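I have placed the structure first, in the form of structure tokens, so that the comments after it can refer back to it.
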Amino acid sequence: MPELPEVETIANGLHQRVQGDVIESVWLGEKPEPLQSPAAEIVRVLTGARIAAVHRTGKHIVVELTRAERGAQSMPVKSKAVKSKAVKSNATKRKEAKTAAESNGTAAERAQWIVHLGMTGRMLVVEAAEEVAKHTHLIAKLVSGRELRFVDPRRFGRLAVKPAADFAAPGVEPLTVSAAGFAELFKGRKTPIKSALLNQSLLAGVGNIYADEALSRAGIRPMRRATSLTGVEMCKLHRAVQKVLAEAIKLGGSSINDYVTANGEPGFFQLKHRVYGREGEPCRKCKLPIERIVIAGRSAHYCAKCQK
DNA sequence: ACTATTTCCTGGATGC
DNA sequence: TGCATCCAGGAAATAG
């Protein structure tokens with residue numbers, strides 16, 4: 001289930017592989033993903049667009065697109081991204097996209113393709129000859145001869161285009177929010193802290209795995225009311241969220257079911273999980289079995305002794 | 001303004 | 001072996 005670290009890994013992988021490529025044509029399945037933009041608009045915006053950058057915001061993959069001004073020749077270019085192995089920050093990529101749009105004489109139109117992977121969504125970069133997997137909902141044929149395919153068996157994912165290139169995920173970025181800003185989000189909330197962490201309009205990108213893992217590292221029980229957390233606990237939780245996300249990104253995310261990076265490699269953070277998916281297994285610290293309860297329809301894992 | 005619950009969807013696991 | 005049932009979970013919709 002892709003959460004922030006997995007989406008970040010996938011977006012970076014896509015950036016390295018398709019930046020600079022141009023979408024030649026688009027195929028949409030008969031029963032496509034629930035679309036947040038009309039199918040015709042998705043096809044219109046993607047067709048002929050150049051992929052300027054791919055980055056993440058919240059759990060969304062944002063594909064920055066540019067298009068030569070109407071009438072002007074849009075010039076496909078070979079990807080230069082391959083040269084620079086270093087992972088660029090999202091801010092850098094956004095800037096690059098803007099620069100690319102503005103260079104080349106007249107202003108180019110900008111747009112964005114927003115992809116939410118839901119639970120089982122995948123973005124694959126494959127050779128056109130590659131067999132089309134079941135549950136493939138969109139194929140973007142690239143000038144380079146490859147295809148960018150969106151596959152999602154459970155169809156919880158979402159696709160949208162923003163012709164205005166103004167997409168902003170609701171909620172703050174967990175990796176950059178200050179401790180004070182973080183605490184402010186949960187002020188006065190009576191909902192369990194676990195539920196509050198999952199609320200995307202508060203914090204964008206934390207899902208079930210990392211909510212459990214952060215609470216474990218902060219020593220806080222998931223069912224605690226958000227408003228009951230002390231200032232010290234809020235600080236601990238803030239640190240824990242940032243630490244666990246950063247560590248997970250370093251390891252390429254958690255591969256639980258069939259998640260793989262854009263290059264087809266699994267992530268390894270699942271090996272570091274302290275509570276998630278470890279019901280009945282010994283706590284890594286006190287050896288007591290990890291418990292699992294259901295909070296708001298979601299499983300929550302914790303150690304009754306180490307988390308208060 | 002919040003909070004809690006239900007719904008969507010399909011593959012894999014489980015049970016008889 | 002085969003069939004039914006349950007479960008996972010993000011986020012939108014609905015209800016309280």
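Throughout, protein chains are lettered first and strands after them, A, B, ... in sequence-line order, and every chain is numbered starting at 1. Computed from heavy atoms alone, side chains included, the values below leave out hydrogens, waters and symmetry copies. Note that the coordinates shown come from a computational prediction; the quantities given were computed from them, not determined experimentally.
For the helix from B/dC2-C/dG16 to B/dC16-C/dG2, the angle separating the two terminal helix axes comes to 50°, with each axis derived from five pairs and the value rounded to 10°.
Straight-line distance from the OH atom of A/Tyr276 to the C1' atom of C/dA8: 7 Å, rounded to whole Å. Distance, A/Arg225 CZ to B/dC2 P: 16 Å, rounded to whole Å. Atoms NZ (A/Lys190) and P (B/dA1) sit 15 Å apart, rounded to a whole Å. Going from atom CE of A/Met119 over to atom P of C/dC7 covers 15 Å, rounded to whole Å. The nearest whole Å value for the distance from the CG atom in A/Asn199 to the C1' atom in B/dA4 is 12 Å. Computed from coordinates, the A/Leu203 CG to C/dG10 P distance equals 14 Å when rounded to whole Å. At whole-Å resolution of the value, CG in A/Leu117 and C1' in C/dA11 are 14 Å apart. For A/Glu3 and C/dA8, the CD to P distance is 15 Å, given to the nearest whole Å.
At least one donor-acceptor pair closer than 3.5 Å links the side chain of A/His137 to the backbone N or O of A/Asp152. Between the side chain of A/Arg67 and the main chain of A/Thr47, a donor-acceptor pair closer than 3.5 Å is present. Remark: the backbone N or O of A/Pro222 is not paired with any side-chain donor or acceptor of A/Gln307 at under 3.5 angstrom. No donor-acceptor distance shorter than 3.5 angstrom exists from the side chain of A/Glu8 to the backbone of A/Gly58, with no hydrogens or angles considered.
By the side chain to side chain contact (heavy atoms under 4.5 Å, CB included) test, A/Ala168 pairs with no residue at all, sequence neighbours left out.
In the hydrophobic clustering of ILVMFWY residues, with side-chain heavy atoms under 4.5 Å counting as a link, A/Phe150 and A/Val43 come out together. Under a hydrophobic-cluster definition in which Ile, Leu, Val, Met, Phe, Trp and Tyr are linked whenever side-chain heavy atoms come within less than 4.5 Å, directly or via other members, A/Ile290 and A/Tyr302 are assigned to different clusters.
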Are there any protein N/O atoms within less than 3.5 Å of an N/O atom in nucleotides 5-8 of chain B, and if so, which ones and at what distance?
none

Distances for protein N/O vs nucleotides 12-14 of chain B N/O pairs under 3.5 angstrom?
none

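Residues A/Arg146 and A/Ser144 have side chains that bring a donor and an acceptor to within less than 3.5 angstrom of each other.
The shortest distance between side-chain heavy atoms of A/Gln112 and A/Glu64 falls below 4.5 Å.
Here salt bridge (Lys or Arg N to Asp or Glu O under 4.0 Å) pairs that include residues 229-253 of chain A, with residues two or more places apart or in two chains, are A/Arg224-A/Glu233. Within the structure, side-chain hydrogen bond (donor to acceptor under 3.5 Å, both in side chains) pairs that include any residue of residues 177-196 of chain A comprise A/Lys194-A/Asn208, A/Lys194-A/Asp212 (at least two apart or interchain).
Remark: A/His135 is in phosphate contact with B/dG11, judged by side-chain N or O atoms under 4.0 Å from OP1 or OP2. Using a 4.0 Å cut-off, some side-chain N or O of A/Lys134 falls inside it from OP1 or OP2 of B/dG11. Between A/His116 and the phosphate of C/dA11, there is a side-chain N or O to OP1/OP2 separation shorter than 4.0 Å. Side-chain nitrogen and oxygen atoms of A/Tyr210 include none within less than 4.0 Å of the OP1 or OP2 phosphate oxygen of C/dG10. Residue A/Thr120 places no side-chain N or O under 4.0 Å from the OP1 or OP2 atom of C/dG9.
Comparing B/dT3, C/dG9, B/dA4 by their nearest atom to the side chain of A/Pro192 picks out B/dA4. Checking B/dC9, B/dT3, C/dA11 against the side-chain heavy atoms of A/Arg154 singles out B/dC9 as nearest. The listed nucleotides are C/dG9, B/dG11, C/dG10; the one nearest the side chain of A/Lys59 is C/dG10.
Residues A/Arg56 and A/Glu6 are not paired through a salt bridge, judged by the lack of any N-O separation under 4.0 Å between the basic side chain and the carboxylate.
A/Ser195 comes within contact range of no nucleotide atom at all, as no heavy-atom separation falls under 4.0 Å.
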